[in-house]
Amino acid sequence: MRAGLSKSEPKRLKDWQDNKVYEQVLKKNEGHKKFVLHDGPPYANGPIHIGHAMNKIAKDMINRYWMMQGCEVPYVPGWDCHGQPIEHKVEEKLGTEKFNQTSTAKIRELCNKFAVENIELQKAGFRRLGVLGDWDNPYLTLYHQHDAADIEVFKAMYDRGMIYRGHKPVHWCKHCHTALAEAEIEYSDETSPSVFVRFEMTSKPAGLENFDGPVDFIIWTTTPWTIPSDQAVSLKPGAAYVAVEHDGRAEVMLEDLAPKCCEEFGWEYTPVMVDGKPYVVPAETLHHIHYKQPIFDGVEGVALLADYVGVDDGTGIVHNSPGHGVDDYFACLKEGITDICMPVDDDGRFYTGEEFGAGGPFSGMDTDEANPHIIEFLRERGTLVLEKKITHSYPHCWRCKHPVLFRATDQWFVSMDKTGLREQAGKEVRENVKWYPAHAANRIGAMVEQRPDWCISRQRNWGVPIPSYTCADCGEKVMNDATLDAVIKLFHEKGSDAWFTDAPESYLGEACVCPKCGGHHLKADKDILDVWWDSGVSWKAVCEYRPELEYPADVYLEGSDQHRGWFQSSLLTSVGANGHAPYKAVVSQGFTLDGQGRKMSKSLGNVIDPNKVCDEMGADIIRLWVASVDTSSDVSIDHEILARTSDAYRRFRNTLRFLLSELEGQFEPETDGVAFAELLPLDKLMVARLTQVQAEVDDAYASYEFPRAYRALYDFVVTELSNVYLDALKDRLYCDKPGSLERRSAQTVLAELFSMLMRDLQPILSYTVDEAMAYAPAGCVDHQKYAALLNWYKSPISVDEANEFEGVLEASLELRSAVTKALEDARSAGTFTKSQQVRVKAVVPAEMYALLTGDKAVDLAEFYIVSDVELTQGEELSVAIEAAEGECCDRCWNYRTTVGEYNGHAHICKRCADAL
Ligand SMILES: [Zn+2]
Ligand SMILES: [Zn+2]
Ligand SMILES: [Zn+2]
């Protein structure tokens, strides 16, 4: 194959750009029903990878399909521009020290520049893949309009009572200095210290009043650094706890775990005996017993009951630090403990101070650094029972990959339950959105069902600010409709940069007032919105604001990780603001892996770079790969898979070439075409068959099942056309008289095949099909120059009509298999070398006989490329082969009894004589 795609595609792309093909398609379908695939914005960070390529190509296939269906298909690509990763790159470039001295306005300027440069890089990569869209006017989440939409949606949800400010533990990355959302957390294994510690009770529980020695809770934790902020211990409600006697102390643990624990501690398992029976009590007996805080003298903690306490590991008693754990926080809240202790700063270091609430002996230490010091402290005090290491699944920051901690700080949240957001979003997922594949609904449904309140504030520079103010006179937080409207207006005009440069009184006007003290000194707060909010409100900033688009969109398509990310943030903001989902359908795709199912990484050397594949093989090879794999789950790609794809490409290309070789300059469907009723029987059969395949391909595209479309087309082209039908047709094409019904009938079917393949392949092989346009009969391609402008293929007959040929097709193919077998046997026996040399005598059962001789019967000799087929009716199918009658025609190589001399042409058959 000398397709030379890597050279020809860039020229073709330039032609599309110069001649505004995307705009031409919009114009062609102007005023028709719209189809809006709303682009999920990739992050403007670094060059494109194969996952990006798969995403954008799949979108382009969908768009091109609906364009051919006659829909108006505006496609506005977008980029996600704000957020920590870009800010991190800028910090790296400047160095942390210089970064920290740089003004917010300057940092934002540098981030903006970085984003825009990367967008240009990615844009060129996406265009090269052949993706049609409004590349000159994409949407960027840093546009003023987008900034304003962020606040408009915020206001709508704030006014409905969904947004609140709370002090509770959130994931915190001490390296990135910010709170993190669920979607920004990755879990991986981490080795942590696991410690068992005595917490001595300050009063004795019922039944142990007469015990002589001290009574302890034996607690268990894997985060020793949270012990300085310990405020409680949690026990499992209803579970049985036992006291074990050791060294004159009574040690309380879960009864079921106590024997195992004692063994680990090197203790004898000797329960304290009360009235001759082991001391075993329900957790409720221990509820509200106080104990000495293990680090700070004079401070007491209290025993609580909480369902989350595990009964499989540890001692069944967990230490509780509400400032550093969500479960802990809620367990304390239930008991009325609201004075939360949180002694760790933004950098993950203990505050300096000797009192409870600061670091005490560990002041100034980093939490990781403090762990061994705390363990040592407990050991010296004699309260450490056991220390070991465990490996467990632990949350990590998605960007810097460091383990995160929980940290209670003041943050902004979207409440999932206060106004029924969770319920409404779940209802939308189940009832009003179509999911592809269908089981994706369960996945996002479960996530919405289980997720905590959405923490939407971040402590960074590069994003859209949360529009709140603090009164400089009394410290009140100020946010109301008047201030929000002023901010929306400001952002529409000047963008969110203005938040950091303009004084509030300069744009708030009348709204610049503290409702509590009446003061007029409002200070703009510093938190920014979660970047998922930015992309999440694109239904507003893009679909609603851009006149060519529509909200809700017809479809969103992204990787399955977006169930946690963009699919969800879009859903929550749209349901939150307007009560319904932003999309009618969602297609989710798997990840791209290497040929052995491994993640791609530079260190493994298994990265497939789409830019490089375009330069070496051509974009159409990547496009064909995307169509051929089941993207509803994870897909594989490597050089071997691409080589196989390249083989498949060759089959499609050669078929188009063959069809063109019999049509170009020789046939125009409008003047030379034969009506279906007049076609030769074999040709009618083929039209029937292509009609069936077309229906399958159509259905597959409409259901976003690209591999089904690909499979139907590949099997049809390779197994049926190349191996069977096109071969059989060559005799008529090469030897019959030009203009004869026989030849025109054959060409009519080739033209139908060509027209169909051009449409069916256009979404996949966009460059190649466009290349074929130049050689195509005008009537086969709607008199268009560019393939993107084609209308969908329409067969001359209906699927029902086509299905009437099913019986004769099956019978003909069944007999063909038997004939092929007999021919192979004859060939290996050396009896004949070519199929034209034989005549076939076949015995066929009655039903088959009726079909093969009925009104839809085809010329079997032509179909099987033999000299004659003689059918007789019998019990069982059998095939015999004998030598053809007559002689071999020098022109057509068929064996005919009519071979002789005609008009000076020696040794040709009568048909050839007529043709000549
Ligand atoms: Zn981080
Ligand atoms: Zn005030
Ligand atoms: Zn002949």
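Just the heavy atoms: all of them, side chains too, but no hydrogens, waters or symmetry mates, feed the values below. Whatever order the structure lists them in is the order used to number ligands and atoms, beginning at 1.
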For this session: Classify the ring geometry between F154 and Y158 as parallel (under 30°), tilted (30 to 60°) or perpendicular (over 60°).
Result: parallel
Exercise. Taking NZ, NE, NH1 and NH2 as the nitrogens, is one of them in R460 or D527 under 4.0 Å from a carboxylate oxygen of the other?
Worked result: no
For this session: With ring pair (Phe, Tyr, Trp, His ring centres under 6.0 Å) as the test, would you mind laying out the steps for F406 and H171 before giving the verdict?
Result: CA-CA 5 Å; F406 271 103; H171 288 295; 4.4 Å; yes
Exercise. If you stand at the Zn ion (ligand 1) and look out to SG of C176 and SG of C400, what angle do those two lines make, to 10°?
Worked result: 110°
Exercise. Is the distance between the ring centroids of W533 and W454 under 6.0 Å?
Worked result: yes
Problem set entry | N, O or S atom of C397 closer to the Zn ion (ligand 1) than 2.8 Å | yes
Seminar exercise, completed: Between C892 atom SG and C909 atom SG, the angle centred on the Zn ion (ligand 3) rounds (to 10°) to 120°
Exercise. Angle subtended at the Zn ion (ligand 2) by SG of C517 and SG of C474, to 10 degrees?
Worked result: 110°
Exercise. Think K526 forms a cation-pi with F500, using NZ or CZ under 6.0 Å from the six-ring centre and within 45 degrees of its axis?
Worked result: no
Exercise. Do any of the N/O/S atoms of H521, backbone or side chain, fall under 2.8 Å from the Zn ion (ligand 2)?
Worked result: no
